Amino acid sequence: MKEVSTSPPKAALTDPFGRDVTYLRVSVTDRCDFRCTYCMSEHMTFLPKQDLLSLEELSRLCGLFVSRGVRKLRITGGEPLVRRDIMRLFRDLSRHLTTGALDELTLTTNGSQLARHAAELADCGVRRVNVSLDTRDADKFREITRWGDLDKVLGGIRAAREAGLRVKINTVALKGFNDREIPELIRWAHGEGMDITFIEVMPMGEMEVARVDQYLPISQLKADLMSHFTFEDSDYRTGGPARYATLRETGGIVGFITPMTHNFCESCNRVRLTCTGTLYMCLGQEDSADLRKVLRASEGDGPVLEAIDAAISRKPKGHDFIIDRDTRKPAVGRHMSVTGG
Ligand code: SAM
Ligand code: SF4
């Protein structure tokens, strides 16, 4: 794939609020083999394939971000492992780990295709993966994912661990769905040596169900968990928005991502690139920059770097998510699978 010219070295990407952008999340496809009820509607219209950036274009853009100080890349989607030949992208990006320009190459996956890719991911320098799992009950798993097969995901998690990858479980806290199972999910994850993080549902994209009926505030979840576990403060950080606690009973770590109840924007270090080359400077705002157009219009990297700089100079202070009975409209029209979680 095309080598990126990295000279002369340029300053870090710093936004108007003094936050350095060191983390890029890349959604490599908007498609998925699941239809989680909080993420997608049942009948999604996906982007025409010709609108997608090629793997070479994705790699080129990632390389440009790395040349401007991005130290962490997370590949996501949609389901990243359903994109054809996706391992070519991992293989190609791994060169930034070899040069030391990148600290971490990682991915977020639903785990359905992990069994067949785990060994190669490890070989590409991936050390940790986030696997999304909202329940360990096979029937409920089918209900929430609409199309998913729990055994396949558990097999994927096993394969990842056998390949030497650290697995973190991501669970969306869903009122009336998994709230009662959460203590048991924690015991399972910690028993297997995996960290687990809980996420509040965010109002992104039109859904069949009302958000307010899914939304379980993490503050409430934590209060419930205190009757099961003893929380000990943890200064553990991964550079993301989660805040962590160690549970005395299991010795394991639990993370909480609270976009709704606790606004984590002040320490935001990330931007998100979609599979069509649109850069979103905030998950919860509509403003974006079309990098595909500049990328395709120029052989040289200069104009693309200028477009990236211009976009970062517009990074907003934070999101305006609201979930309540009166606010039925999503904060942003696009689904989570478009921007990449
Ligand atoms: N398909 C992969 C997966 O499920 O891990 C990667 C993409 S998915 C969009 C990334 C994460 O976003 C998942 O952990 C998913 O549970 C979460 N997610 C999706 N829609 C969400 C929403 N509306 N609010 C909060 N989290 C959401
Ligand atoms: Fe697919 Fe992930 Fe969205 Fe579920 S959360 S529908 S697995 S992209």
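In listed order, ligands and their atoms are each counted from 1. If you're wondering where the values come from, they're calculated on a predicted model, not measured in any experiment.
Residue F34 has at least one heavy-atom neighbour below 4.0 Å for each of these atoms of ligand 2: 6 (S), 7 (S). Distances below 4.0 Å separate heavy atoms of T109 from the following atoms of ligand 1: 2 (C), 3 (C), 5 (O). Of all atoms in ligand 1, listed by their number and element, those nearer than 4.0 Å to a heavy atom of C39 are 19 (C), 20 (N). Per-residue contacts place G78 under 4.0 angstrom from the following atoms of ligand 1 (heavy atoms of the residue considered): 1 (N), 2 (C), 6 (C), 7 (C). The contact set between ligand 1 and V172, taken as ligand atoms under 4.0 Å from a residue heavy atom, comprises 16 (O), 26 (N). The contact set between ligand 1 and V201, taken as ligand atoms under 4.0 Å from a residue heavy atom, comprises 24 (N), 25 (C). The contact set between ligand 2 and C36, taken as ligand atoms under 4.0 Å from a residue heavy atom, comprises 4 (Fe), 5 (S), 6 (S), 7 (S). For ligand 1 and G77, the ligand atoms under 4.0 Å from any heavy atom of the residue are 7 (C), 9 (C).
Between the T135 side chain and the N178 main chain, no donor and acceptor come within less than 3.5 Å of each other. When atom types are taken as modelled, the side chain of R136 and the backbone of F141 share no donor-acceptor pair closer than 3.5 angstrom. The backbone N or O of A223 sits nowhere less than 3.5 Å from a side-chain atom of S227 that would complete a donor-acceptor pair. A side-chain donor-acceptor contact under 3.5 Å links S298 to the backbone of V294. With hydrogens and angles disregarded, a donor-acceptor distance shorter than 3.5 Å links the side chain of R161 to the backbone of E192.
Residue contacts with ligand 1: T76 is placed with no nitrogen or oxygen under 3.5 Å of a nitrogen or oxygen of the ligand (distance criterion only). Of the polar atoms of Y38, at least one N or O is found under 3.5 Å from an N or O of ligand 1, judged by distance alone. For a threshold of 3.5 Å applied to N or O pairs, the pair formed by S132 and ligand 1 contains at least one separation below that value. Considering backbone and side-chain N/O atoms, E79 comes within less than 3.5 Å of an N/O atom of ligand 1.
With hydrogens and angles left out, the side-chain atoms of S112 and N110 include a donor and acceptor closer than 3.5 Å. In this model, no donor atom of one side chain and acceptor atom of the other lie less than 3.5 Å apart for E79 and T29. Side-chain N/O atoms of D134 and Y38 include a donor and acceptor closer than 3.5 Å.
Between E200 and ligand 1 there is a heavy-atom distance shorter than 4.0 Å. Taking a 4.0 Å cut-off on heavy atoms, G78 registers as neighbouring ligand 2.
In this pair, F231 and F256 present their aromatic rings parallel. The plane angle is below 30°, not in the 30 to 60° band.
With a heavy-atom cut-off of 4.0 Å, V131 does not touch ligand 1 at all. At a heavy-atom cutoff of 4.0 Å, ligand 2 is contacted by the side chain of C32 but not by its backbone.
Partner of L93 under the side-chain contact (heavy atoms from CB on, under 4.5 Å) criterion, chosen from I75, L102, V66, V126: I75.
Across T106 and K72, no two heavy atoms sit closer than the pair CG2-CE, 4.3 Å.
Residue contacts to atom 3 (Fe) of ligand 2: C39 brings an N, O or S atom closer than 2.8 Å.
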